[in-house]
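Before any comments, here is the structure.
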Amino acid sequence: MSGNLILILGDQLSPELSSLRQGDRMADRVLMAEVMAEATYVAHHKKKIAFVFSAMRHFAQDLRDDGWRVDYVALDDPGNTGTLRGEVERALASGGIDRVLVTEPGEWRLLDEMSRWPGTDLIADDRFIADRHGFVRWAEERKTLRMEHFYRLMRRKTGLLMEGDQPAGGRWNFDADNRKPPAPDMEVPAPPRFAPDEVTQAVLDLVAKRFPENFGTLEPFGFAVTRADAEAALDHFIEHALPHFGAYQDAMVGGQPFLFHAVVSPYLNAGLLDPLEICRRVETAWQGGWVPLNSAEGFIRQIIGWREFVRAIYWWKMPGYERSNVLDASRPLPWFYWSGQTDMACVSACVNQTRDEAYAHHIQRLMVTGNFALLAGVDPHALHEWYLAVYADAYEWVELPNTVGMSQYADGGLLASKPYVASGAYIDRMSDYCGSCRFKVKAKSGPDACPFNLLYWDFIARHRTRLAGNPRMGQMVATWDRFSPDRQQQVRREAGAFLATLDQ
Ligand code: FAD
Ligand code: DLZ
């Protein structure tokens, strides 16, 4: 008897996956494979590899329990060829296979490769709300792209937080009520941690043995690796953290890596949770009076707005987007992005937390590590490889546009309407990092000046011509222009001296 081979990748762990929906439990075989090519195309954080392998192993068992015949190739299995192509060829060599079915992979490099595999059908990945082909038609009709316009379409398409054709509460966006600095007495709920079972423990041993030099602390390991546990994590978030999510979305507190964030991106991106289901549960919590509208709306916007928007841009602009560099930034990534050893307390805290948790929340990524790299002129491609490696939720379709577009302005403003740069004052307002820093956030120049202060004005000066033409940056350029020549020279000299220390 013959049938198809359904190849399922490490971020396709969804029972309703399009390839499974086309398959037949009786005739077809599922193939899942841990391969060195995927585990090493960037030097992933140890926790990320452990999360993906353990979630894959649990999902394979779920499929078996559901009546599928699953061939699972573990990394240490004798004969493992090391590549997805090699594993598919091995399966084909055993005979009885008509076609290979794969839901389209989330990264362009794999889609490009698989589109050249013989006998292979690539099936659209419909776990997203926006149709990426439809997005291109929509985008090409406009002069400028703004997420807010796209988001309104997604609200109308899903009906989330809608009252007829109008947004619930009379506004599309409640960010004016958000972005509060951390309150000194706020109580922060810890997200649940899941003790490793035997399957996860075997994976932890494997990762410790095979990837000893990779960045990151492997244990304690507390990620959910099953759908049931991912749902428990979501429930915990909705009950304990979501009510404060909106207000403190941009806050940063030393020793509190998660604050009121959901910490669901690894589960969502691997397929353990479904974006629309998450949003419907959040909407229900708002309807039940459990969650204020500013939190529910802010959260839903991240998922049906930003997450979908960056994915659509990725597929529209790939290949080529990964080499965007309109600001000609070329500095190598400073070593402290790996070691955490820098006197800048904010950068050190974010890198150390990243090392320990394979997690940082959005503002830590955007306004600390991203902001510093942009101000310092770090090569966006080197930074992209860092973000892709160090976070448990990182896949190129979501990481690359966030890094190259949103954080580094390397696409010239396609994704973000202005460069996300800020001086130390922003970090001081939104965090408690500066209190313990050896630099003085209030000092604008001199040996104790916060490097973000020096680099901010140096950045404005270096890119003055481009920024002067941006309506959201013109005021800062005008402020720089009003600095006395002596002050301008001092800032540039001190910024240059600081930047030189990065290259040593
Ligand atoms: P919450 O703050 O609780 O938000 C809820 C959900 O909204 C997230 O789980 C995520 O699915 C979605 N979301 C929020 N912001 C974004 C966004 N900008 N883009 C896409 N989805 C968003 N997110 C990833 O999933 N993978 C990445 O590799 C990734 N790389 C990033 C790199 C940079 C430089 C920046 C600035 C952001 C990046 N993000 C990435 C977006 C965001 O930082 C994470 O989605 C978020 O921190 C995940 O934590 P959370 O689940 O607690 O999110
Ligand atoms: C991230 C990852 C890792 C570390 N390992 C594997 C693997 O061994 N096998 C696999 O099928 N998938 C893995 N993944 C996820 C893939 O890299 C992901 O499917 C592609 O990057 C497409 O998004």
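In listed order, ligands and their atoms are each counted from 1. This one's a predicted model, so the numbers in the text were calculated from it and none came from an experiment. Worth knowing before you read on, the calculation uses all heavy atoms, side chains too, and leaves out hydrogens, waters and symmetry mates. Residue numbers run from 1 in the order of the sequence given.
When hydrogens are left out, the protein atom nearest atom 13 (C) of ligand 2 is Glu38 CB, 3.7 Å; that is the closest non-hydrogen contact. In terms of protein heavy-atom proximity, atom 42 (C) of ligand 1 is nearest to His362 ND1, 3.5 Å. Counting only heavy atoms of the protein, atom 50 (P) of ligand 1 lies nearest to Val263 N, 3.5 Å. Regarding atom 11 (O) of ligand 2, its nearest protein heavy-atom neighbour is Gly10 N, 3.1 Å. When hydrogens are left out, the protein atom nearest atom 15 (N) of ligand 1 is Gln302 OE1, 3.4 Å; that is the closest non-hydrogen contact. Nearest protein heavy-atom contact of atom 8 (O) of ligand 2 is Val35 N, 2.8 Å. With respect to atom 23 (N) of ligand 1, the closest heavy atom belonging to the protein is Val398 CG2, 3.7 Å. For atom 30 (N) of ligand 1, the closest non-hydrogen atom of the protein is Arg365 NH1, 3.4 Å. Regarding atom 25 (O) of ligand 1, its nearest protein heavy-atom neighbour is Asn269 ND2, 2.8 Å. Among all protein heavy atoms, the one lying closest to atom 20 (C) of ligand 1 is Arg307 CA, 3.4 Å. Among protein heavy atoms, atom 19 (O) of ligand 2 sits closest to Asp11 OD1, 2.6 Å. With respect to atom 6 (C) of ligand 1, the closest heavy atom belonging to the protein is Ile303 CG1, 3.7 Å. For atom 2 (C) of ligand 2, the closest heavy atom belonging to the protein is Val52 CG1, 3.7 Å.
Taking a cut-off of under 4.0 Å to the non-hydrogen atoms of Met406, the atoms of ligand 1 that pass are 18 (N). The contact set between ligand 2 and Arg109, taken as ligand atoms under 4.0 Å from a residue heavy atom, comprises 17 (O), 20 (C), 21 (O). Atoms of ligand 1 found under 4.0 Å from any heavy atom of Leu366, numbered from 1 in the order shown, are 36 (C). For ligand 2, the atoms lying closer than 4.0 Å to a non-hydrogen atom of Tyr41 are 17 (O), 21 (O). Every atom of ligand 1 is numbered from 1 in the order shown, and the set under 4.0 Å from a heavy atom of Leu268 is 11 (O). Applying the 4.0 Å criterion to heavy atoms of His361 picks out, from ligand 1, the atoms 47 (O). Atoms of ligand 2 lying under 4.0 Å from at least one heavy atom of Leu9, given by number and element, are 11 (O), 19 (O).
Note: no N/O pair closer than 3.5 Å links Leu110 and ligand 2 by distance alone. Remark: ligand 1 and Ala262 share an N or O pair separated by less than 3.5 Å (distance only, no angle test). Considering backbone and side-chain atoms together, Tyr387 places no N or O closer than 3.5 Å to any N or O of ligand 1. Annotation: Glu107 places an N or O atom under 3.5 Å from an N or O atom of ligand 2; distance criterion only. At least one N/O-N/O distance between Val264 and ligand 1 falls below 3.5 Å. On a distance-only criterion, His261 and ligand 1 share at least one N/O pair closer than 3.5 Å.
Residue contact annotation: Phe53 has a non-hydrogen atom under 4.0 Å from ligand 2. At least one heavy atom of Tyr359 lies less than 4.0 angstrom from ligand 1. Residue contacts with ligand 1 include Phe299, since one or more of its heavy atoms lies under 4.0 Å from the ligand.
At a heavy-atom cutoff of 4.0 Å, ligand 1 is contacted by no atom of Leu388, backbone or side chain. Neither the backbone nor the side chain of Gln249 has a heavy atom within less than 4.0 Å of ligand 1. Contacts with ligand 1 closer than 4.0 Å are made by backbone heavy atoms (N, CA, C, O) of Ala360 only, the side chain lying farther away. Residue contacts with ligand 1, taken as heavy atom pairs separated by less than 4.0 Å, involve Phe245 solely via side-chain atoms from C-beta onward.
Between His44 and Tyr41, the ring planes are perpendicular. Angles over 60° get that label, and only those under 30° would be called parallel.
The pair Arg109-Glu113 does not meet the salt-bridge criterion, since no charged nitrogen lies less than 4.0 angstrom from a carboxylate oxygen. Between Arg429 and Asp250 there is no salt bridge, since no side-chain nitrogen of the basic residue lies less than 4.0 Å from a carboxylate oxygen of the acidic one.
The nearest non-hydrogen atom to atom 10 (C) of ligand 1, considering only Gly298, Ser265, Ala389, comes from Ser265. Of all the listed residues (Ala394, Ala33, Gly106), Ala33 holds the heavy atom that lies closest to atom 7 (C) of ligand 2. Evaluated by nearest non-hydrogen atom to atom 26 (N) of ligand 1, the leading choice among Asp393, Leu273, Ile300, Asn402 is Asp393.
At a cut-off of 3.5 Å, with distance as the only test, a side-chain donor of Tyr314 or Glu396 sits close to an acceptor on the other residue. Inspection of the Gln408 and Tyr420 side chains reveals no N or O donor paired with an N or O acceptor under 3.5 Å. Looking at Asn294 and Asn178, their side chains do bring a donor and an acceptor atom within 3.5 Å of each other. One side chain, Glu34 or Tyr72, offers a donor N or O that lies under 3.5 Å from an acceptor on the other. Looking at Thr217 and Asp356, their side chains do bring a donor and an acceptor atom within 3.5 Å of each other. Neither side chain, Thr354 nor Tyr359, offers a donor N or O lying under 3.5 Å from an acceptor on the other. For the 3.5 Å distance criterion, the side chains of Ser18 and Thr103 qualify, holding a donor opposite an acceptor. Counting only N and O atoms by type, the side chains of Tyr387 and Thr369 include a donor and acceptor under 3.5 Å apart.
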- [ ] Check the pair Met114, Leu84 against side chain to side chain contact (heavy atoms under 4.5 Å, CB included), reporting the backbone distance first and the verdict last.
- [x] CA-CA 10 Å; Met114 288 181 185; Leu84 292 168; 4.2 Å; yes
TODO: Please lay out, stage by stage, how Tyr151 and Trp172 fare under the test ring pair (Phe, Tyr, Trp, His ring centres under 6.0 Å).
DONE: CA-CA 9 Å; Tyr151 167 57; Trp172 292 100; 7.0 Å; no
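In this structure Tyr321 satisfies the side chain to side chain donor-acceptor pair (under 3.5 Å) test together with Asp411, sequence neighbours excluded.
Between Phe336 and Phe372, the ring centre distance stays below 6.0 Å. Aromatic rings from Phe150 and Phe135 are positioned such that their centres are separated by under 6.0 Å. A ring-centre distance under 6.0 Å is found for Phe245 and His261.
Within 6.0 Å of atom CH2 in Trp290, 12 or fewer heavy atoms from other residues, nucleotides or ligands are found, so the atom counts as exposed in its surroundings.
The ring pair (Phe, Tyr, Trp, His ring centres under 6.0 Å) test with Phe299 is passed by exactly one of Phe174, Phe237, Phe260, Trp306: Phe237. Under the ring pair (Phe, Tyr, Trp, His ring centres under 6.0 Å) test applied with Trp397, the options Phe309, Phe128, Trp316 reduce to a single match, Phe128.
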